[in-house]
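Throughout, numbering of the chain's residues begins at 1 and tracks the sequence. The basis for the numbers below is simple: all heavy atoms, side chains too, and nothing from hydrogens, waters or symmetry mates.
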Amino acid sequence: MFRRAVLHILLSSFLFLSLLSLSDCHVPPARTMSHGARPMPNKVSNIAAEVAGYTGVAKQIIDLAVFGVAQNRSYRRLADFTDTVGNRVSGSHNLDRAIKYMYSAMTKDGLDVHLEPVKIPHWVRGKESAEMIVPRAKNLAILGLGSSVGTPPDGIQAEVLVVKSFEELKQRASDAEGKIVVFNQPFVSYGETVAYREYGASEAAKVGAVATLIRSITPLSINSPHTGWQDYQEGVKQIPTACITIEDAELMWRIAQRGQKIVVKLTMGARTLPDVDSFNTVAEIKGWQHPEQVVLLSGHLDSWDVGQGAMDDGGGAMISWEALSLIKDLGLRPRRTLRTVLWTAEEQGGIGAQQYYNFHKGNLSNFDLIMESDMGTFRQWLCSSPALTQQKRSWRKWLNYWPPLIQPNWRGAQKGRISHCG
């Protein structure tokens, strides 16, 4: 865990410095340090040469994180945070506690910290269960999906229709009326397959289904269902929806392929309460020359309610904090402001980030880079950017100054996508 976490910290910190070499880092007079670079015009052709002068600064960051007093610090912070607060679902008291915890901790770390208000959804899972009644009795492990409506108190008992795709559902629309639709879609990739979790309920409701059970969006399972957010389509009846395990989805598929009738009873106490007040948590190191210009690194504080939220996204939040800590501990002063934002209500569709954008959109030209760590604090494996060819060459040169252990692959992103590393 430490090694993987520190790799992401190092990459994040070095990327901070690299892009702040567009930004440049300044060492205060009290701590003079020669980095071998003179200020240059901020042109693409000069960026790589300028960045090369920060090799020594990058080494100091790496040494502090790997061998110095910061060794294992992000892991200790993550362990204390998750042990103390636990899960942090949107709208919950625990999310409030998490925000207060991080505000206090980052303030004590010597960072400039403030909170920005956000209105967020408040969905409550309630008690839930599912059981296959026919052709034999079997309890089904389920997790209701965020924003799902509940069933009547006595549940819904209905025959099951098992399909493997939206297309198959359309072809068998006449068979779906009054049934619970089970989606047993194959896992292709998270980005592609998650559509079944997000839109499965509404697609099934259009053809008269009374509920949906969706194969968890994962390639692996040990009888472990996954949760996540789902979206009802406007004007379509809202029906209960939950994820089931790969094993149970495959079981019902096999039974259906034999022509046997399947009956399931589903009970869900899910409900949506009024929106509540929350906050994005913002910490920063002010730039000494261009404080109005920002490089932003982020993770999200909220999590789902069925785990500790350590990797999704406690780890991302901690390394986003740690990147600032490393620069602060070394006494480095960036030209531009380094800002960490810990989003609220990300799992509900990026609510905190959207409201942050709405609040700051009049100042977008002053944001040089925005990153979020939300794919696990593991080894970097990919960088992508829609940047122009010359800018891509500069990115590649920046990568040469990163430690060999965190050298990611490079590819161009689709037009219009935000640059990212993950």
- prompt: Which atom pair, heavy atoms only, marks the closest approach of Ala283 to Leu324?
  reply: O-CD1, 3.6 Å
Aromatic ring pairing Phe367/His360, orientation class (parallel under 30°, perpendicular over 60°, tilted between): perpendicular
query: Which value, rounded to the nearest 0.5 Å, describes the distance between Thr281 atom OG1 and His300 atom NE2?
result: 13.0 Å
task: Check whether any side-chain heavy atom of Ile255 lies under 4.5 Å from a side-chain heavy atom of Gln257, and answer yes or no.
output: no
From SG (Cys243) to CD1 (Ile217), nearest 0.5 Å: 5.5 Å
task: Give a yes or no on whether the backbone of Ser90 and the side-chain of Glu347 come within a donor-acceptor separation of less than 3.5 Å.
output: no
query: Do Leu342 and Ile99 touch side chain to side chain, with heavy atoms closer than 4.5 Å?
result: no
task: Determine, stepwise, if the pair His122 / Thr272 fulfils side chain to side chain contact (heavy atoms under 4.5 Å, CB included).
output: CA-CA 6 Å; His122 188 189; Thr272 297; over 6 Å; no
message: For Glu250 and Asn184, which I'm curious about, is there any donor-acceptor pair between the side chains at under 3.5 Å?
response: yes
task: Would you tell me whether Ser221 and Thr245 have side-chain atoms, one donor and one acceptor, within less than 3.5 Å of each other?
output: no
- prompt: Quick one: do the Thr337 and Gln293 side chains pair a donor with an acceptor below 3.5 Å?
  reply: no
field: Gln230 side chain vs Arg197 backbone, donor-acceptor pair below 3.5 Å
entry: no
message: The criterion is salt bridge (Lys or Arg N to Asp or Glu O under 4.0 Å); which residues satisfy it with Glu198, sequence neighbours excluded?
response: none
field: Main-chain N/O of Val89 paired to Asp305 side chain as donor or acceptor, under 3.5 Å
entry: no
task: Could you tell me the separation between the CE atom of Met132 and the CD1 atom of Ile262, rounded to the nearest 0.5 Å?
output: 7.0 Å
- prompt: What residues form a salt bridge (Lys or Arg N to Asp or Glu O under 4.0 Å) with Lys206, not counting sequence neighbours?
  reply: Glu203
query: Are Met318 and Glu322 side-chain neighbours, meaning at least one heavy-atom pair lies under 4.5 Å?
result: no
task: Look at the side chain of Thr151 and the backbone N and O of Met268, then say whether any donor-acceptor pair between them is shorter than 3.5 Å.
output: yes
task: State, to 0.1 Å, how close Thr212 and Ala204 come at their nearest heavy-atom pair, and which atoms those are.
output: CG2-CB, 3.3 Å
message: Please evaluate residues Asp109 and Ser325 with respect to the criterion side-chain hydrogen bond (donor to acceptor under 3.5 Å, both in side chains), reporting the C-alpha separation (whole Å), side-chain torsions for both, the decisive distance (0.1 Å), and the verdict.
response: CA-CA 7 Å; Asp109 192 33; Ser325 290; 2.5 Å; yes
- line: For Val162 and Arg172 the tightest heavy-atom approach is O-NH1, 3.4 Å
Val341 side chain near Tyr356 side chain, heavy-atom distance below 4.5 Å: yes
- prompt: Rounded to the nearest 0.5 Å, what separation is found between the OG atom of Ser278 and the CG atom of Leu115?
  reply: 9.0 Å
task: Taking Asn72 for its side chain and Tyr75 for its backbone only, find out whether a donor-acceptor pair lies under 3.5 Å.
output: no
- request: Would you check if there is a donor-acceptor pair between the side chains of Asp80 and Tyr101 at a distance under 3.5 Å?
  value: yes
- request: Output yes when a side-chain donor or acceptor of Arg88 lies under 3.5 Å from a complementary backbone atom of Leu301, and no otherwise.
  value: yes
task: Please test Phe166 against Tyr199 for ring pair (Phe, Tyr, Trp, His ring centres under 6.0 Å), starting from the C-alpha separation and ending with a verdict.
output: CA-CA 10 Å; Phe166 289 136; Tyr199 310 122; 7.6 Å; no
- request: Count the heavy atoms belonging to other residues, nucleotides or ligands that lie under 6.0 Å from NZ of Lys328, then report whether that count exceeds 12.
  value: yes
message: Let me confirm one number: the CD-CG distance from Gln308 to Asn87, rounded to the nearest 0.5 Å.
response: 6.5 Å
- prompt: Hey, is Lys179 close enough to Asp175 for a salt bridge, meaning N to O under 4.0 Å?
  reply: no
message: The test is side chain to side chain contact (heavy atoms under 4.5 Å, CB included); show your working for Val182 and Ile244 and say whether it passes.
response: CA-CA 9 Å; Val182 170; Ile244 58 176; 4.0 Å; yes
message: Distance alone, cut at 3.5 Å: any donor-acceptor contact between the side chains of Asn366 and His290?
response: no
task: Among residues two or more places apart or on two chains, list those pairs meeting side chain to side chain donor-acceptor pair (under 3.5 Å) that have a residue in residues 136-146.
output: Lys138-Asp248
query: Is it true that a side-chain atom of Tyr232 and a backbone atom of Val149 form a donor plus acceptor pair closer than 3.5 Å?
result: yes
- prompt: Is the cationic atom of Arg77 (NZ for Lys, CZ for Arg) positioned less than 6.0 Å from the six-membered ring centroid of Trp321 and within 45 degrees of its normal?
  reply: yes
message: Using the side-chain hydrogen bond (donor to acceptor under 3.5 Å, both in side chains) criterion, which residues pair with Glu128? Sequence neighbours excluded.
response: Arg125
- line: Applying salt bridge (Lys or Arg N to Asp or Glu O under 4.0 Å) to Lys164 and not counting sequence neighbours gives none
message: Is any side-chain heavy atom of Ile180 closer than 4.5 Å to one of Val210?
response: yes
message: With rounding to the nearest 0.5 angstrom, report the CG to OG1 distance, Leu296 to Thr340.
response: 7.0 Å
- prompt: Do Ser298 and Trp343 have side-chain N/O donor and acceptor atoms under 3.5 Å apart?
  reply: yes
- prompt: Would a 4.5 Å heavy-atom cut-off, applied to side chains only, mark Ile285 and Asp112 as touching?
  reply: no
- request: Would you mind reporting whether Arg336 and Pro334 have side-chain heavy atoms less than 4.5 Å apart?
  value: no
message: Salt bridge or not between Glu284 and Lys286? Use side-chain N to carboxylate O under 4.0 Å.
response: yes
Donor-acceptor contact below 3.5 Å, side chain Ser148 vs main chain Thr241: yes
- request: Establish, yes or no, whether a centroid distance under 6.0 Å links the rings of Tyr103 and Phe279.
  value: no
message: If you define the side chain from C-beta out and look only at heavy atoms, does anything of Val57 sit under 4.5 Å from Leu332?
response: yes
message: One pair to check against side chain to side chain contact (heavy atoms under 4.5 Å, CB included): Leu95 and Ile120. What are the steps and the verdict?
response: CA-CA 11 Å; Leu95 180 55; Ile120 64 173; 3.8 Å; yes
message: Checking Phe187 now: which residues fulfil ring pair (Phe, Tyr, Trp, His ring centres under 6.0 Å) with it, not counting sequence neighbours?
response: none
task: Quick one: do Phe183 and Val163 satisfy side chain to side chain contact (heavy atoms under 4.5 Å, CB included)? Show the steps, please.
output: CA-CA 5 Å; Phe183 285 99; Val163 297; 3.7 Å; yes
message: Donor-acceptor pair, distance only, cut-off 3.5 Å: does the side chain of Ser216 make one with the backbone of Thr218?
response: no
message: More than 12 heavy atoms of other residues, nucleotides or ligands under 6.0 Å from CD1 of Ile222: yes or no?
response: no
Arg76 side chain vs Gln71 backbone, donor-acceptor pair below 3.5 Å: yes
- request: Would you name the heavy atoms of Ala211 and Leu266 that are closest together and state the gap between them?
  value: CB-CD2, 3.8 Å
Intermediate values then yes/no, salt bridge (Lys or Arg N to Asp or Glu O under 4.0 Å), Asp329 and Arg73: CA-CA 13 Å; Asp329 290 350; Arg73 181 168 61 186; 2.8 Å; yes
